[in-house]
Amino acid sequence: QVEDRECAYAEQQQALADRIGGGGEGRVFAENSTIRCNQGNRCYGLWEKNQHGVRLVKQGCWTFTSEQLECHDDRCLVTTPPSQVQNGSYRFCCCSRDMCNINFTEDFPEPSPTTEPPFYICGPYHDKAIVIALATLSMVAVLVVMTFLGYRMLRGDGKRGLHNMDMLETSTSQPSLDLNSLKLQELIGRGRYGAVYRGSLDEQPVAVKIFSSLNYQPFANERRMYRILLEHENVARFLVSEERLGSDGRTEYLLVLEFYPSGSLCRYLSGCVVDWVNCCRLMLSVTRGLAYLHSELLGGEIYKPAVSHRDLNSRNVLVKGDGTCVISDFGLSMKLTGHRSLPHGEEENTAISEVGTVRYMSPEVLEGAVNLRDCEAALKQVDIYALGLLYWESFMRCSDLFPEEAVPEFQMAFQAEAGIHPSFEDMQMLVSRQKQRPKFPDPWKENSLAVHSLKETMEDCWDQDAEARLTAQCAEERLSELLLIWDQDKSVTPTLNHTGTVGQSHRNLSHCLHAPKISPCPEQSSSSYIEERESRAKPTLNDAYLGPFSGEKNHNCINYERQQLRSQAHLLSPESSGTSVSTTTSTLTPISEPQPLTQEDLEMPKLDPSEVERNLRESSDESLMEHSQKQFCASDIVTSTGSHALLNPLIKMAAEVKGSEVSGHHTDGQGSANPLPKQQNLPKRPSTLPLHTKPCGKDSSSSCLKLGNQGKSNLRQVETGVAKADSITEAAEPCLATFTSNVQITGAAGGAVNGVRHHGKSVTSSEDSILGSLAASPDEQEPLLRPNNANNNNNNNGEGEGEDEDGGGGGTAEKDSDQAGPLGEASTSDMPPPPQPRVEALLRQPRDRRPERPNSLDLSVTTLSFLGEGNSHDGNEEPGEKIKKRVKTPYTLKRWRPTTWVISTDVLDAEVNNNNNHRGSTRCGHNQNSGHGGSGRAKHGTSVHLGSRGGAMTSTFPTDPKDLTRV
Ligand SMILES: Nc1ncnc2c1ncn2[C@@H]1O[C@H](COP(=O)(O)OP(=O)(O)OP(=O)(O)O)[C@@H](O)[C@H]1O
């Protein structure tokens with residue numbers, strides 16, 4: 001008999017109850033929610049269990065039995081693990097006792113964590129897990145792809161990748177210096193953007209440049225430049241920067257730099273006379289600094305873009321204690337490679353081209369004609385122009401170059417012509433229209449090899465044609481060689497030696513005057529300038545600042561009075577620090593301290609007389625070329641025997657001087673052994689250029705070939721035959737000139753010109769100008785110069801321009817002459833009569849025709865007849881003779897091309913010279929102006945056409961910081 005079973009009853013989800021088989025047959029007692037089962041004797045219950053609790057779904061009589069669900073237990077046991085299908089939330093049980101289904105008891109094994117994941121984990125969290133997993137995966141994938149791309153950019157497509165990756169630029173994090181200990185002690189300079197103080201930081205002397213709140217931009221730019229420039233021995237050392245509230249409550253910005261006690265080059269030269277070697281060292285270091293700025297370097301993770309300074313002048317070059325220089329003041333500098341954020345359009349052009357200090361502005365800047373299509377090269381050329389002016393300023397204070405007379409007071413470039421405060425228009429007239437350059441003084445007329453090379457280097461830097469200028473790397477090599485030339489020159493050409501006497505020997509010192517009469521250096525505001533002068537009179541009060549005037553550390557510029565005091569005891573003593581720059585004065589000339597002479601050096605004059613005799617023999621014209629080539633080209637220059645042995649001590653000394661500066665860079669160790677610039681210091685040449693062979697055949701030195709201004713660079717031409725002749729160099733040579741009244745010649749030959757008048761405005765004499773400077777702010781206080789009326793000027797001088805463009809004729813030359821009337825008058829006092837123009841005037845003279853070159857070069861002809869003989873340029877020689885002389889010239893500095901020539905082998909048609917032609921007036925064989933001459937051109941069918949687009953070159957760059965490579 002089947003027992004009626006009473007069960008708890010609930011019917012809420014009929015459909016669900018039906019589905020699980022519980023129909024529940026019986027009599028329902030709704031009042032107490034029970035059911036008396038008619039069939040079967042089992043009760044069941046179904047609950048839903050979730051995070052909110054348990055909810056009853058259904059209860060009733062269980063009529064369905066199966067093998068799995070016998071429902072024999074008295075308790076309603078949930079024995080089956082929660083179904084995944086039901087999301088694990090339902091609990092079902094059945095039992096066989098009255099009302100046993102009121103509650104349920106779970107009685108299923110706990111799921112093992114290692115086996116099957118619990119049902120509920122795979123429930124609502126499942127999607128999240130998948131999402132997280134996918135996100136992780138995709139992040140990993142992205143990282144992998146980025147790493148791969150980054151690697152490719154760095155290693156593979158280096159340059160282009162770098163340009164897009166600012167992060168690679170050296171953002172050297174600011175060193176953690178405690179600025180709380182910063183103390184300002186003395187105002188030492190004032191510039192356009194703020195004041196410079198000497199101060200101390202952690203008890204170390206520092207220079208603090210303070211920018212006012214209005215000058216944030218130059219501050220930020222300068223700071224940025226210092227950061228990307230890394231550290232270089234010829235770049236001012238940046239320590240830290242800070243932004244703080246000034247005493248007036250406004251924000252001010254501080255740049256803390258290493259302190260250079262000797263101050264600016266301008267100031268230094270105002271008080272010091274330097275000898276040849278030290279002058280070369282000064283300028284070599286500046287050039288090296290500029291070459292570094294202009295180089296794009298890559299070393300591992302560090303990228304140093306090429307940078308143009310844009311305000312290079314003698315106030316922005318600081319002199320170090322060791323007699324070398326650093327370049328400073330990067331407020332106007334600009335990155336030339338890598339990522340550049342520039343304004344666009346006209347604004348950009350103006351911003352790029354029209355900045356700087358008026359006096360040092362290149363003709364193209366003054367004309368607003370900077371070639372912005374090749375901005376990188378163009379802005380470097382602007383710097384090189386200023387560099388040429390720096391050379392002039394420095395060598396004008398070189399005692400060795402004024403052997404018979406007092407060294408002139410320091411003058412800034414164009415000071416004689418334009419005074420202390422030249423206006424933009426003044427400079428435009430002088431430099432652009434009249435194409436004047438600083439005058440070479442009379443003593444430099446002596447065309448010894450050294451002087452000639454120096455002048456040529458200057459001219460090659462300040463060439464009117466920007467693209468014909470030297471590159472900084474080439475200029476650096478030239479300066480390196482100038483160091484050597486002096487001694488070689490005097491050793492091999494005794495007639496050209498400076499015949500210094502005991503009485504004159506002091507001029508060969510690097511010495512400082514305590515208080516130069518008037519320093520034209522507008523380094524500070526007038527008041528601070530006066531302070532400076534006063535402080536110079538009291539050196540002991542300001543020893544630290546005055547440095548060069550009194551400090552022992554100053555090796556380059558010996559205090560003149562001390563020198564006098566010491567001289568009795570030491571001057572002639574071998575132990576004294578005397579330098580030998582001349583065989584005739586060596587024992588009389590003390591040297592500056594950084595180049596202590598070796599015993600060998602001191603004994604140099606006592607060389608075997610037979611050696612001397614032999615040397616004199618070799619100095620004859622016939623052998624000079626060969627000798628010179630050996631000097632320049634032999635790698636064993638120091639160890640060579642024979643006649644070279646005579647020069648060895650001098651060359652060695654110069655090499656040491658050079659080596660002391662470059663030792664850190666010449667990683668191959670040859671720097672000191674071979675005083676000549678190494679070839680790898682040069683930009684890599686295009687392989688197709690047949691000029692690639694080294695000069696002098698075997699072990700040549702590298703030299704810079706300046707291609708001259710026979711036209712703009714896109715018209716530059718070099719005959720293949722000539723270019724291949726390695727030993728043939730194009731040096732400055734006498735010009736054949738039919739002298740006409742041409743302003744340029746007139747100006748160049750004018751000698752010292754105290755004043756010129758432009759546009760009816762009278763420029764006072766230099767003395768007046770100097771005095772005037774004490775009461776007026778210097779011209780350099782103009783930060784951004786825009787030639788507002790340049791157009792007017794251009795218009796006014798349109799014909800003159802046209803003459804330049806088309807080569808001009810006599811008529812236009814006359815016009816020029818008219819314009820320059822006052823100058824011509826001023827110049828005539830020192831000027832020889834027109835038929836006998838000064839050599840340097842001729843050398844500077846723009847020339848557009850080169851005499852026909854011979855197909856084969858006769859190397860046997862005596863060379864250098866022009867050395868020391870200015871009147872050999874009298875224009876009476878045959879062009880062929882001139883060429884022979886040219887190709888035999890010993891000045892072999894012009895063999896290599898600047899970095900950025902791009903070669904095309906187009907055969908050129910008639911050459912167009914849009915640079916400064918005065919056809920019919922001047923016929924000149926000077927290399928820079930050569931390349932013309934239709935007949936000559938016709939004979940050389942395979943001209944090489946050199947353009948000046950910057951090519952990406954890769955070569956090691958020994959003067960750069962280690963591990964950095966030019967890119
Ligand atoms: N680190 C330094 N050590 C010694 N003297 C310094 C230093 N820096 C600057 N000076 C001096 O301060 C002068 C002005 O400095 P600087 O040229 O940097 O200022 P500036 O405001 O940028 O001038 P400007 O832009 O007009 O050339 C320099 O000519 C030099 O005499």
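In listed order, ligands and their atoms are each counted from 1. Computed over heavy atoms, backbone and side chain alike; hydrogens, waters and symmetry mates excluded. On a predicted model such as this, the values are computed, not experimentally measured, just so you know.
Between Glu296 and Lys304 no salt bridge is recorded (no basic side-chain N to carboxylate O distance below 4.0 Å). In this structure, Lys209 pairs ionically with Glu222, as a charged nitrogen and a carboxylate oxygen lie closer than 4.0 Å. The residues Arg192 and Asp311 are annotated as salt-bridged, a charged nitrogen and a carboxylate oxygen being separated by less than 4.0 angstrom.
When Val358, Leu366, Val365 are each tested for a side-chain contact (heavy atoms from CB on, under 4.5 Å) with Gln428, only one passes: Leu366. None of Arg478, Arg437, Arg469 except one satisfies the salt bridge (Lys or Arg N to Asp or Glu O under 4.0 Å) rule with Asp460; the exception is Arg478.
Proximity of Glu258 to ligand 1 is established by a heavy-atom distance of less than 4.0 Å.
Near Ile188, with a cut-off below 4.0 Å to any heavy atom, the atoms of ligand 1 are 4 (C), 5 (N), 6 (C). Near Ala207, the atoms of ligand 1 lying under 4.0 angstrom from a non-hydrogen atom of the residue are 1 (N), 2 (C), 3 (N), 7 (C). The atoms of ligand 1 that sit less than 4.0 Å from any heavy atom of Tyr193 are 21 (O). Counting the atoms of ligand 1 from 1 in the order shown, those under 4.0 Å from a heavy atom of Phe259 are 3 (N), 4 (C). Against a heavy-atom cut-off of under 4.0 Å, Gly189 is close to the following atoms of ligand 1: 12 (O), 13 (C).
Any N or O atom pair closer than 3.5 Å counts here, and Asp329 shares at least one such pair with ligand 1. By the 3.5 Å distance cut-off applied to N or O atoms, Arg190 is not counted among the residues near ligand 1.
Residue nearest to atom 17 (O) of ligand 1, selected from Asn215, Leu265, Asn316, Thr357: Asn316 (by heavy-atom distance). When Arg315, Glu222, Lys320 are checked for heavy-atom proximity to atom 28 (C) of ligand 1, Arg315 turns out nearest.
Under 3.5 Å, the side chains of Tyr385 and Gln464 contain no donor-acceptor pair of N or O atoms.
For Asp383, the side chain to side chain donor-acceptor pair (under 3.5 Å) test picks out His294, with sequence neighbours left out.
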